[in-house]
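Shown next, in structure tokens, is the structure this report addresses.
Below, chains carry the letters A, B, ... as their sequence lines are ordered, and counting in each starts from 1.
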Number of protein chains: 2
Amino acid sequence: MNVAGPAYDEEAVDLGEITGSLGFLLRMAQLKAFDFFFRTLDGENLRPGEFTVLWVINLNPGLRQGTFARRLKIKPAHMTKLVARMVDQGLVHREIPQDDRRSVRLSLTEGGSAFVARYREKFLHLHLAERSDLTVEESATLIHLLKRYAGIDGDGPCL
Amino acid sequence: MNVAGPAYDEEAVDLGEITGSLGFLLRMAQLKAFDFFFRTLDGENLRPGEFTVLWVINLNPGLRQGTFARRLKIKPAHMTKLVARMVDQGLVHREIPQDDRRSVRLSLTEGGSAFVARYREKFLHLHLAERSDLTVEESATLIHLLKRYAGIDGDGPCL
DNA sequence: CGCAAAAAGTTTCCACGTAAACTATTTTCT
DNA sequence: AGAAAATAGTTTACGTGGAAACTTTTTGCG
């Protein structure tokens with residue numbers, strides 16, 4: 001039955017020193033995280049990026065589109081499309097303020113707030129699943145170091 | 001002159017509990033890593049993924065295309081295109097073995113080997129730059145935890 | 001053997017994200 | 001005030017990566 005044994009392992013691939021590359025590891029890790037995301041929110045038509053944007057608008061209603069984009073490192077062109085889609089879905093409200101008609105202020109519609117509220121639980125639950133292979137301490141360390149590396153300030157409540 | 005002060009910070013954006021999400025942090029971290037990559041290898045026409053594939057073929061010449069793809073979590077469709085491009089560039093050699101004409105065995109051409117050798121140094125140097133914000137210890141911990149999380153075995157020589 | 005199923009890649013089509021050029025507003029400078 | 005520069009977002013055109021369907025070759029089985 002070959003349990004847990006790499007005995008019958010097709011062909012071994014040596015990765016060499018590339019396993020010391022943060023870039024490489026981050027990519028592999030991200031694929032795993034995506035996996036968790038889509039497995040946990042199976043069936044729901046929810047993309048990681050979209051949810052993040054809704055989440056942040058919910059916490060900071062009325063800020064400018066570009067402010068959100070910069071903070072989340074989303075490129076303007078992409079942000080435009082993201083927002084357009086969410087407006088189409090009736091989740092986000094766009095307002096052009098009269099004192100600066102170049103800008104766009106974003107907030108959630110009632111539907112948008114409900115949407116975030118509805119997924120909040122699943123989203124938080126996701127954090128647990130995500131970390132299943134690491135101990136609680138290791139998870140905390142990993143998250144702390146990633147924040148440091150990525151330059152994200154607040155050491156706020158992290159589950 | 002506003003040094004190091006977030007005093008004149010456009011508009012503060014609260015990220016809330018999403019900073020505890022591995023998926024979110026991994027995305028932010030990856031963007032930073034890409035940044036390092038392209039800054040360090042400025043001007044060179046080199047993509048992270050391409051280099052990784054060449055690197056691994058170099059270490060394991062003659063394995064099947066699909067074996068490489070699975071190990072690096074590259075989808076078959078994408079792998080086909082990647083390999084085609086590298087063959088066009090004269091870096092990779094494809095061989096259809098007679099004992100199984102469905103499969104493709106990959107190895108580097110002389111040009112391919114030279115290419116990897118040429119970038120090896122820059123690539124290793126990159127590891128240092130990448131970690132500039134973390135101490136050596138922290139870097140090691142981060143890398144170790146990412147390996148664990150991503151399920152990458154060998155704790156091989158990591159720089 | 002000969003046909004069904006599996007395996008390895010490839011092709012086609014589509015979604016996501018970006019860079020570059022563009023439009024519309026506001027600010028700055030003389 | 002009025003031209004030049006800067007700012008905010010949008011549009012277009014493209015490159016990367018993926019899912020699904022397809023081709024070819026090999027394996028399993030009656």
Side-chain angles (χ1 to χ4, degrees), chain A residues 8 10-11 13 23-24 26-28 30-35 37-38 42 45-53 57 62-89 92-106, chain B residues 8 10-11 13 23 26-28 30-31 33-35 37-38 42 45-53 57 62-89 92-106:
Chain A
Y8 177 33
E10 49 167 21
E11 294 179 287
V13 182
F24 174 75
L26 286 170
R27 177 174 165 274
M28 300 302 262
Q30 203 184 29
L31 290 176
K32 183 139 189 172
F34 270 45
D35 229 54
F37 186 91
F38 287 115
D42 187 38
N45 188 26
L46 187 61
R47 240 67 51 73
E50 281 181 12
F51 185 69
T52 302
V53 172
I57 295 176
L63 297 192
R64 279 177 301 152
Q65 177 169 319
T67 304
F68 288 119
R70 269 186 300 281
R71 185 70 195 267
L72 300 176
K73 299 204 194 179
I74 295 172
K75 294 291 179 292
H78 187 207
M79 193 66 176
T80 295
K81 293 181 213 172
L82 261 177
V83 170
R85 232 181 299 149
M86 296 189 300
V87 168
D88 285 348
Q89 294 180 296
V92 167
H93 173 71
R94 283 168 47 103
E95 182 178 351
I96 312 285
Q98 281 312 308
D99 65 317
D100 185 347
R101 304 207 329 273
R102 294 170 302 184
S103 64
V104 179
R105 301 270 169 188
L106 299 179
Chain B
Y8 176 35
E10 48 168 19
E11 294 179 289
V13 181
L26 286 170
R27 177 174 165 275
M28 300 303 262
Q30 203 184 27
L31 290 176
F34 270 45
D35 228 54
F37 185 91
F38 288 115
D42 188 36
N45 188 23
L46 186 63
R47 242 66 52 74
E50 282 180 13
F51 185 70
T52 302
V53 172
I57 295 177
L63 297 192
R64 280 177 301 151
Q65 177 169 319
T67 305
F68 288 119
R70 269 187 299 282
R71 185 69 195 267
L72 299 176
K73 298 203 195 181
I74 295 172
K75 293 294 179 292
H78 187 208
M79 192 68 174
T80 295
K81 294 179 215 173
L82 260 176
V83 171
R85 233 182 295 149
M86 298 190 298
V87 168
D88 285 348
Q89 293 180 297
V92 167
H93 174 70
R94 283 167 46 105
E95 182 180 350
I96 312 286
Q98 282 312 308
D99 65 315
D100 184 348
R101 305 207 329 275
R102 292 169 304 182
S103 65
V104 179
R105 300 270 168 189
L106 299 179

### Query
Listed by chain and number, what are the salt bridge (charged side-chain N to carboxylate O under 4.0 Å, His left out) partners of B:R105, not counting sequence neighbours?
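For B:R105, the residues satisfying salt bridge (charged side-chain N to carboxylate O under 4.0 Å, His left out) (neighbours in sequence not counted) are A:E11.
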#### Entry: Letter per nucleotide, 5' to 3', of nucleotides 11-23 of chain D [B base touched, S only sugar-phosphate touched, - untouched; heavy atoms, 4.0 Å]
B-B--SBBB----
### Query
Just how far, in rounded Å, is P of D:dT25 from CZ of B:R64?
17 Å
### Message
How many whole angstroms separate atom CZ of B:F34 from atom P of C:dT18?
### Response
10 Å
### Message
If you define the side chain from C-beta out and look only at heavy atoms, does anything of A:R101 sit under 4.5 Å from A:Q98?
### Response
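Yes, their side chains come closer than 4.5 Å.
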### Query
Does a side-chain heavy-atom distance below 4.5 Å link B:P48 with B:F38?
yes
### Query
Going from CD1 on A:I74 to CZ on B:R27, what distance comes out if it is rounded to the nearest 0.5 angstrom?
5.5 Å
### Task
With rounding to the nearest 0.5 Å, note down the distance linking CD1 in A:I57 to CZ in A:F68.
5.0 Å
Contact list (N/O, under 3.5 angstrom) for nucleotides 22-28 of chain C vs protein:
unit_1	atom_1	unit_2	atom_2	d
C:dT25	OP1	A:R101	NH2	3.3
C:dT26	OP1	A:R101	N	2.9

#### Entry: Short side-chain to backbone donor-acceptor contact, B:R64 and B:S103, under 3.5 Å
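No, the answer is negative, given that no donor and acceptor are paired below the 3.5 Å cut-off.
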### Query
So, is B:R94 close to the C:dT10 phosphate, meaning a side-chain N or O under 4.0 Å from OP1 or OP2?
yes
Indicate every side-chain donor-acceptor pair of residues 79-89 of chain B with a distance under 3.5 Å to a residue at least two apart or in another chain.
unit_1	atom_1	unit_2	atom_2	d
B:T80	OG1	B:P76	O	3.2
B:R85	NH1	B:E50	OE2	2.9

## Note on the structure
Sorted by chain and number, sequence neighbours left out, side-chain contact (heavy atoms from CB on, under 4.5 Å) with A:R102 holds for A:D100
